[in-house]
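Both ligands and their constituent atoms are indexed starting at 1 by order of listing. Quick note: residue numbers are just sequence positions, from 1.
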Amino acid sequence: MERLQFDSNSRVIVMTGAGASAESGVPTFRDANGLWEGNKVEDVASPYGFMEDPQKVWNFYSQRRANVMMCDPNTGHLALAELERQLGDRFLLVTQNVDDLHERAGSKRVAKVHGNLFRNKCSQHTTCPYVADDHGLYFDTVPKCPVCGADARPEIVWFGERLQLSVTDMFYSFCARAQMDAQKLYYVAVGTSGAVYPVASFVYHANTMGAESHLVNLEQGEHANDFHSFHKGKAGEILPRLFFGS
Ligand code: BV8
């Protein structure tokens with residue numbers, strides 16, 4: 001396993017998926033016993049599913065909140081927080097994960113492209129501004145928006161919903177900056193099946209911007225062919241070696 005030797009001319013983007021939290025005890029989506037098993041995606045992770053049965057959706061996300069609150073960051077999360085400390089603003093973490101394990105590990109420069117499990121927003125969010133941190137578990141009631149009284153929902157990007165442009169722009173402008181400053185760009189994806197767009201297409205953009213791209217994943221799916229290098233294994237074991245040689 002070669003170690004990535006970053007220097008003062010390196011700019012590094014790491015993009016994480018559910019596999020980055022797996023060793024902490026957070027189930028992934030598409031592995032055996034994953035979150036989508038037993039749940040139809042459109043029922044629990046779409047605006048239509050929420051309109052249809054908000055309590056079913058809150059049961060799904062309350063179960064995930066309860067699970068994540070019992071989990072701790074793993075060595076992969078800690079390695080990413082350390083890498084950010086070393087690289088500063090030449091580092092960006094883009095995560096599809098809605099858990100708070102990166103933040104609890106100390107990561108600050110985080111673009112949460114699919115939202116945040118521990119925040120609520122109003123279901124009428126196109127007209128109502130309500131958003132708030134919330135660790136509540138709602139197994140027998142649907143929380144209401146304190147501003148307008150409509151149902152509150154998790155502040156999560158569901159299927160068929162647009163990602164927040166201000167968040168995805170953090171990725172695009174970080175890549176553009178590398179080109180402007182003639183720096184060497186690295187794009188390292190960790191623990192993702194590459195099944196969900198538009199984030200699965202970020203590697204193509206990074207490659208066109210001259211990035212050296214790496215995939216760290218337990219299994220070598222189709223997605224691995226989009227990267228220059230593939231590192232098979234667990235994020236918690238590979239990341240410390242890949243970044244620090246330890
Ligand atoms: C949108 C909710 C448009 C959050 C999620 C083509 C182009 C563009 C869009 C589409 C398209 N085709 C279809 C679409 C629509 C859709 C989509 O991509 N569908 C897929 C299924 C085909 N995309 C959307 O709807 C997106 N929005 O496109 O909007 C638009 C434009 C204008 C106006 C309106 C709309 C919204 C996508 C966001 C969906 N939200 N979930 C939540 O509940 O958490 S997606 C869900 O999948 C999660 O967010 C998750 O992060 C994401 C990706 O999954 P992974 O993280 O990769 O997890 P997975 O289980 O799949 O894989 C884990 C991997 O880790 C495995 O490979 C495993 O081997 C590995 N692993 C396991 N353990 C370890 C490990 N690796 C390392 N170490 C370990 N220890």
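- Counting heavy atoms under 4.0 Å from ligand 1, residue Ala195 touches it through the backbone alone.
- Protein heavy atom nearest atom 72 (C) of ligand 1, with residue, atom name and distance: Asp31 OD2, 3.4 Å.
- Closest to atom 25 (O) of ligand 1, if we only count protein heavy atoms, is Gly160 N, 2.7 Å.
- Under the 3.5 Å distance criterion, the side-chain polar atoms of Thr141 are left unmatched by any main-chain donor or acceptor of Tyr138.
- Contact atoms of ligand 1 toward Glu219: 67 (O), 69 (O) (distance under 4.0 Å to a heavy atom of the residue).
- In this structure, the protein non-hydrogen atom closest to atom 80 (N) of ligand 1 is Glu23 OE2, 2.9 Å.
- Nearest-residue assignment for atom 47 (O) of ligand 1 (options Arg30, Glu237, Gln96; heavy-atom criterion): Arg30.
- Contact annotation for Glu161 and ligand 1: only backbone heavy atoms (N, CA, C, O) come within less than 4.0 Å of the ligand.
- Looking at Ser173, its side chain does come within 3.5 Å of a backbone N or O of Asp169 through a donor-acceptor pair.
- Counting only heavy atoms of the protein, atom 28 (O) of ligand 1 lies nearest to Tyr197 O, 3.9 Å.
- The single protein non-hydrogen atom nearest to atom 70 (C) of ligand 1 is Asn217 OD1, 3.4 Å, given as residue, atom name and distance.
- Checking only distances, Ala45 never comes within under 3.5 Å of ligand 1, N or O to N or O.
- Taking every heavy atom of Val98 and a limit of under 4.0 angstrom, the matching atoms of ligand 1 come to 44 (O).
- Scanning the protein heavy atoms around atom 56 (O) of ligand 1, the nearest turns out to be Ala18 N, 2.8 Å.
- For Val113 against Val157, the heavy-atom pair with the smallest separation is O-CG2, 3.6 Å.
- At least one heavy atom of Gly233 sits less than 4.0 Å from an atom of ligand 1.
- A cation-pi arrangement is absent between Arg65 and Trp58, since the terminal nitrogen or guanidinium carbon is not both under 6.0 Å from the aromatic centre and inside a 45° cone about the axis.
- Ionic pairing of Lys108 and Glu103 is not present here: no N-O contact between side-chain nitrogen and carboxylate oxygen is shorter than 4.0 angstrom.
- Of all protein heavy atoms, the one lying nearest to atom 42 (C) of ligand 1 is Arg64 NH1, 3.4 Å.
- Residues meeting the side chain to side chain donor-acceptor pair (under 3.5 Å) test with Gln55, sequence neighbours left out: Asn59.
- A salt bridge links Glu212 to Lys184: at least one charged side-chain nitrogen sits closer than 4.0 Å to a carboxylate oxygen.
- Checking atom 74 (C) of ligand 1 against the protein gives a heavy-atom contact under 4.0 Å.
- Pairing each heavy atom of Phe171 with each of His205, the nearest pair is CE2-CD2, 3.7 Å.
- Regarding atom 39 (C) of ligand 1, its nearest protein heavy-atom neighbour is Val157 O, 3.5 Å.
- Ion pairing between a basic and an acidic side chain is recognised when a charged N comes within 4.0 Å of a carboxylate O; Lys121 and Glu155 show no such pairing.
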After noting the C-alpha distance and the side-chain angles of His214 and Phe227, does the key distance pass the ring pair (Phe, Tyr, Trp, His ring centres under 6.0 Å) rule?
-> CA-CA 5 Å; His214 296 259; Phe227 294 81; 8.7 Å; no

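- Every atom of ligand 1 is numbered from 1 in the order shown, and the set under 4.0 Å from a heavy atom of Thr28 is 60 (O).
- No side-chain donor-acceptor contact under 3.5 Å links Ser62 to the backbone of Leu137.
- For ligand 1, the atoms lying closer than 4.0 Å to a non-hydrogen atom of Gly17 are 56 (O).
- Distance check on atom 13 (C) of ligand 1: every protein heavy atom falls at or beyond the 4.0 Å cut-off.
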Apply side chain to side chain contact (heavy atoms under 4.5 Å, CB included) to the pair Phe159 and Glu42, showing each step before the final yes or no.
-> CA-CA 7 Å; Phe159 286 101; Glu42 51 278 15; over 6 Å; no

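- Considering only non-hydrogen atoms, atom 76 (N) of ligand 1 lies nearest to Leu218 out of Leu218, Thr192, Ile156.
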